[in-house]
Protein chains: 2
Amino acid sequence: MTQTSKHRAPATPRAAARARRPVDGLLDPAFFKALADPTRLLLFACLAKCARPCSVSDVAACCNVDFSVVSRHLGTLAAAGLLTPEKRGKHMFYSVRFNDLSLRLRALADAIDQCGPGCCPPAACGCGAPESAPDRPPEPAARRPRAHA
Amino acid sequence: MTQTSKHRAPATPRAAARARRPVDGLLDPAFFKALADPTRLLLFACLAKCARPCSVSDVAACCNVDFSVVSRHLGTLAAAGLLTPEKRGKHMFYSVRFNDLSLRLRALADAIDQCGPGCCPPAACGCGAPESAPDRPPEPAARRPRAHA
DNA sequence: GCTACACTTGCACGATGACGCAAACAAGCA
DNA sequence: TGCTTGTTTGCGTCATCGTGCAAGTGTAGC
């Protein structure tokens with residue numbers, strides 16, 4: 001997870017938007033959306049700290065929301081790949097996917113590191129890093145970017 | 001950041017909710033919420049791949065949304081600690097906080113690893129891991145958890 | 001088969017957020 | 001000073017989401 005090969009940074013943001021990088025595959029809105037809600041985060045933390053499969057009733061005891069809300073939230077977290085659902089009899093157990101999560105977060109950190117600065121000297125960029133040319137826009141960006149929409 | 005000391009897992013989810021762990025401080029809803037929107041994620045990826053400070057107009061060229069929307073999104077990302085804003089003349093430059101982000105993600109991965117299984121033998125838990133007792137609820141959870149609300 | 005329990009789902013409602021437009025604000029330049 | 005350019009902010013609209021209640025589904029025990 002400590003690969004040091006760096007990509008060449010795109011010359012312009014527009015080119016950057018088209019360029020494919022490892023970070024693209026790891027920036028999944030659904031993943032972050034699942035963790036964007038305080039209640040869901042509370043349930044997830046509860047499950048993580050308990051470090052074992054817990055039933056919906058168990059987790060519902062952690063916070064002051066309706067039972068159905070907990071059921072829905074756990075389903076959302078499972079759908080996003082954060083939890084593993086497991087039906088046992090009439091109970092539904094959810095457990096944190098510790099390994100997957102850890103790997104995913106580290107992979108994202110690696111991908112971000114790979115994008116990091118040091119691979120795009122201002123002169124080669126043609127876009128003027130602010131240190132050398134603070135006020136020269138790299139290209140005449142259209143005032144209305146949605147022109148072709 | 002690779003500490004191996006594990007906490008004792010709480011016996012019940014309710015206790016887990018009260019227990020303080022490193023993961024609690026790292027699960028910030030605002031952080032994940034900032035990354036939960038596809039457009040914002042696109043702008044962030046664009047900035048990350050460009051690997052240099054970009055002005056609002058630059059980034060706006062990456063996607064088909066209004067200029068004001070881009071301005072707002074970048075502000076949101078900066079407020080969440082993902083970007084660094086820097087005013088230079090009449091341009092506003094935003095740059096990805098590569099180091100902070102990478103450290104933050106790795107810290108979260110470490111905290112999740114710390115919570116991981118292996119620290120709470122089912123017998124000591126008293127809550128019945130499903131492998132040994134699939135159908136015995138650890139405690140009679142209240143049907144309406146918001147009783148004291 | 002009946003009942004109890006655990007959980008899911010449908011529905012309505014309120015809150016939040018993303019979006020586009022237009023106006024305002026700020027900085028550089030002739 | 002007035003104009004142009006870059007950016008932010010106010011406002012209205014629409015879609016999405018979180019929530020609670022109630023009903024429905026599925027499983028286990030009698």
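Convention: sequence-line order gives letters A, B, ...; per-chain numbering from 1.
Phosphate proximity of D:dT8 to B:Tyr94: present, with a side-chain N or O under 4.0 Å from OP1 or OP2. Using a 4.0 Å cut-off, some side-chain N or O of B:Thr39 falls inside it from OP1 or OP2 of C:dC19. Regarding contacts with the backbone of D:dT7, a side-chain N or O of B:His91 is found under 4.0 angstrom from either OP1 or OP2.
Atom OH in A:Tyr94 sits 10.5 Å away from atom OG in A:Ser55 (nearest 0.5 Å).
Residues of residues 73-84 of chain B having a heavy atom closer than 4.0 Å to DNA chain D: none are found.
Salt-bridge formation is detected for the pair B:Asp24/A:Lys49: a Lys NZ or Arg NE/NH1/NH2 atom is positioned less than 4.0 Å from an Asp or Glu carboxylate oxygen.
Of the listed nucleotides (D:dA28, D:dT8, D:dT19), D:dT19 has the atom at the smallest distance from the side chain of A:Val65. The B:Val69 side chain lies nearest to C:dC19 when the options are D:dG6, C:dC5, C:dC19.
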Output a table of nitrogen or oxygen pairs between the protein and nucleotides 10-17 of chain C separated by less than 3.5 Å.
residue: C:dG10; atom: O6; partner: A:Arg72; partner atom: NH2; Å: 2.8

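Listed by chain and number, the residues in a side-chain contact (heavy atoms from CB on, under 4.5 Å) with B:Leu41 are A:Leu27, A:Pro29, A:Phe32, B:Leu35 (sequence neighbours excluded).
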For this session: Could you please spell out the steps behind the salt bridge (charged side-chain N to carboxylate O under 4.0 Å, His left out) verdict for A:Arg106 and A:Asp113?
Result: CA-CA 10 Å; A:Arg106 288 183 209 281; A:Asp113 280 340; over 6 Å; no

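A:Phe67 has its CZ atom 14 Å from the C1' atom of C:dT9, to the nearest Å.
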